[in-house]
Amino acid sequence: MQIIFQDSDIVVAIKSPQLLSQGDEKGRENAVDILKEMTGGDVFPVHRLDKGVGGVMVFAKTAKAAAELSRQVSDRTMEKIYLALLHGEIAEEKGRLEDLLFFDRGKNKSFVVKRERRGVKKALLDYECIEKGEGKSLVKVKLITGRTHQIRVQFSSRGYPLFGDRRYGARDEEKDIALMSKEISFVHPRKKERMTFVNDKKGRFF
């Protein structure tokens, strides 16, 4: 973990790809516990990145800040920008992907479905292709909703699985998923000023 900003209310850090965002029932190493040790105080998760995905994240240091940041996640005023490296040369240079997703907890996998039913949620994202060639595409993604594995399943369902994402159709041998949280923007929970943080750390894919 690398802390890039902190004050009495929040801590912004870069999560490494193989680290869990928060604790699980197995007690595995995770970002929240590491940040508690680094800051010497309470740390509350307000959003997450999949294991295998790294990048910039914001955490709260107080329950009040956590409630306000969680509200911004829910009402979509927290903005998140990602980079993804896809198998295949994407046909449309930019666009919006809109799907209905069902997350199967037993399989820990999301599926694109045709009809709304219990447990099905709408998923929206905007993307722009930055570069493509030699059978791959680098895209910048702006999440509008934040569904489980959303970026991964939406591109895979269109024939463009992310490098390293064998759960959603990739056939390469990469250890990590070629997805990075590049930028996050939110309103400071106490100061009410919009803040933007960019991950400038270079990864293997980017």
Side-chain angles (χ1 to χ4, degrees), residues 15-22 24 45-57 73-185 199 203-206:
K15 183 184 88 70
S16 60
Q18 289 302 318
L19 189 64
L20 292 173
S21 296
Q22 59 193 74
D24 64 0
V46 296
H47 67 116
R48 62 184 294 275
L49 292 177
D50 297 336
K51 187 175 184 295
V53 177
V56 64
M57 299 183 69
V73 172
S74 297
D75 67 18
R76 303 177 188 175
T77 55
M78 181 180 288
E79 297 182 357
K80 304 171 192 172
I81 304 294
Y82 294 79
L83 292 179
L85 184 64
L86 315 177
H87 282 283
E89 297 181 26
I90 197 163
E92 300 292 334
E93 297 291 331
K94 62 173 61 177
R96 170 167 289 188
L97 304 187
E98 181 173 350
D99 292 293
L100 295 173
L101 298 186
F102 174 75
F103 178 62
D104 187 320
R105 294 188 179 277
K107 296 179 180 178
N108 190 29
K109 189 173 181 180
S110 289
F111 297 88
V112 174
V113 297
K114 298 296 185 183
R115 299 187 304 274
E116 292 190 11
R117 63 176 190 269
R118 185 176 180 181
V120 171
K121 297 180 179 180
K122 182 180 290 188
L124 294 169
L125 64 79
D126 291 330
Y127 75 89
E128 179 181 353
C129 183
I130 299 172
E131 184 180 345
K132 66 180 178 179
E134 299 180 350
K136 55 189 176 183
S137 302
L138 177 62
V139 296
K140 180 171 73 172
V141 180
K142 180 179 180 181
L143 274 185
I144 300 173
T145 57
R147 310 307 182 197
T148 302
H149 301 174
Q150 179 180 333
I151 295 172
R152 299 161 61 183
V153 67
Q154 286 197 274
F155 281 107
S156 176
S157 69
R158 290 163 171 81
Y160 306 109
L162 278 64
F163 275 80
D165 196 3
R166 289 182 292 278
R167 182 180 298 273
Y168 289 99
R171 295 291 181 260
D172 57 75
E173 297 299 323
E174 293 289 351
K175 180 180 178 182
D176 297 329
I177 300 169
L179 181 62
M180 173 196 287
S181 173
K182 181 65 176 176
E183 181 179 316
I184 190 167
S185 177
N199 174 20
R204 185 168 71 257
F205 299 109
F206 311 106

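- A 4.5 Å side-chain heavy-atom check between I184 and M57 finds every atom pair outside the cut-off.
- Applying the side-chain contact (heavy atoms from CB on, under 4.5 Å) rule to M180 yields the partners K182, N199, F206; only residues at least two apart in sequence or on another chain are considered.
- Rounding to the nearest 0.5 Å gives a distance of 7.5 Å between CD1 of I177 and NE2 of H149.
- With sequence neighbours left out, the side-chain contact (heavy atoms from CB on, under 4.5 Å) criterion links R158 to L97, D99, Q154, Y160.
- Residue pairs meeting the salt bridge (Lys or Arg N to Asp or Glu O under 4.0 Å) criterion with at least one partner in residues 110-125, sequence neighbours excluded, are E98-K122.
- A donor-acceptor pair under 3.5 Å is formed between the side chain of Q150 and the backbone N or O of L124.
- Taking CZ of R166 as the reference point, atom NZ of K175 lies at 11.0 Å (rounded to 0.5 Å).
- Contact detail for G164 and A170: the closest heavy-atom pair is N-CB, 4.1 Å.
- Sorted by first and then second residue, the salt bridge (Lys or Arg N to Asp or Glu O under 4.0 Å) pairs involving residues 74-87 (not counting sequence neighbours) are R71-D75.
- The shortest distance between side-chain heavy atoms of L86 and L162 falls below 4.5 Å.
- Checked by atom type and distance alone, the side chain of D104 pairs as donor or acceptor with a backbone atom of K107 at under 3.5 Å.
- At distances below 3.5 Å, not a single donor-acceptor pair connects side-chain atoms of K136 with backbone N or O atoms of L85.
- Taking 4.5 Å as the limit, every side-chain heavy atom of Y168 sits out of range of all side-chain heavy atoms of S157.
- Between K15 and S21 the shortest side-chain heavy-atom distance falls below 4.5 Å.
- Closest of all the heavy-atom pairs between V73 and M78 is CG2-SD, 3.7 Å.
- Checking side-chain atoms of S110 against main-chain N and O of T148 turns up a donor-acceptor pair under 3.5 Å.
- Using a 4.5 Å heavy-atom threshold, the side chains of V112 and F102 count as separate.
- Within the 4.5 Å cutoff, the side chain of T145 has no heavy atoms near those of the L125 side chain.
- With a 4.5 Å cut-off on side-chain heavy atoms, F205 and L83 do not count as touching.
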Kindly list each side-chain donor-acceptor pair under 3.5 angstrom involving residues 87-95, sequence neighbours excluded, with atom names and distances?
unit_1, atom_1, unit_2, atom_2, d
H87, NE2, D172, OD2, 2.6
E89, OE2, E134, N, 3.3
E89, OE2, G135, N, 3.0
E93, OE2, K132, NZ, 3.0

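- Partners of Y82 under the ring pair (Phe, Tyr, Trp, His ring centres under 6.0 Å) rule, at least two apart in sequence or in another chain, do not exist in this structure.
- Rounding to the nearest 0.5 Å places CZ of F103 at 4.5 Å from CG of N108.
- The shortest heavy-atom contact between H47 and V56 is CE1-O, 4.4 Å.
- Closest non-hydrogen pair, C129 versus S137, comes out as SG-CB, 4.4 Å.
- To the nearest 0.5 Å, the span separating CG on D50 from CG on L20 amounts to 10.5 Å.
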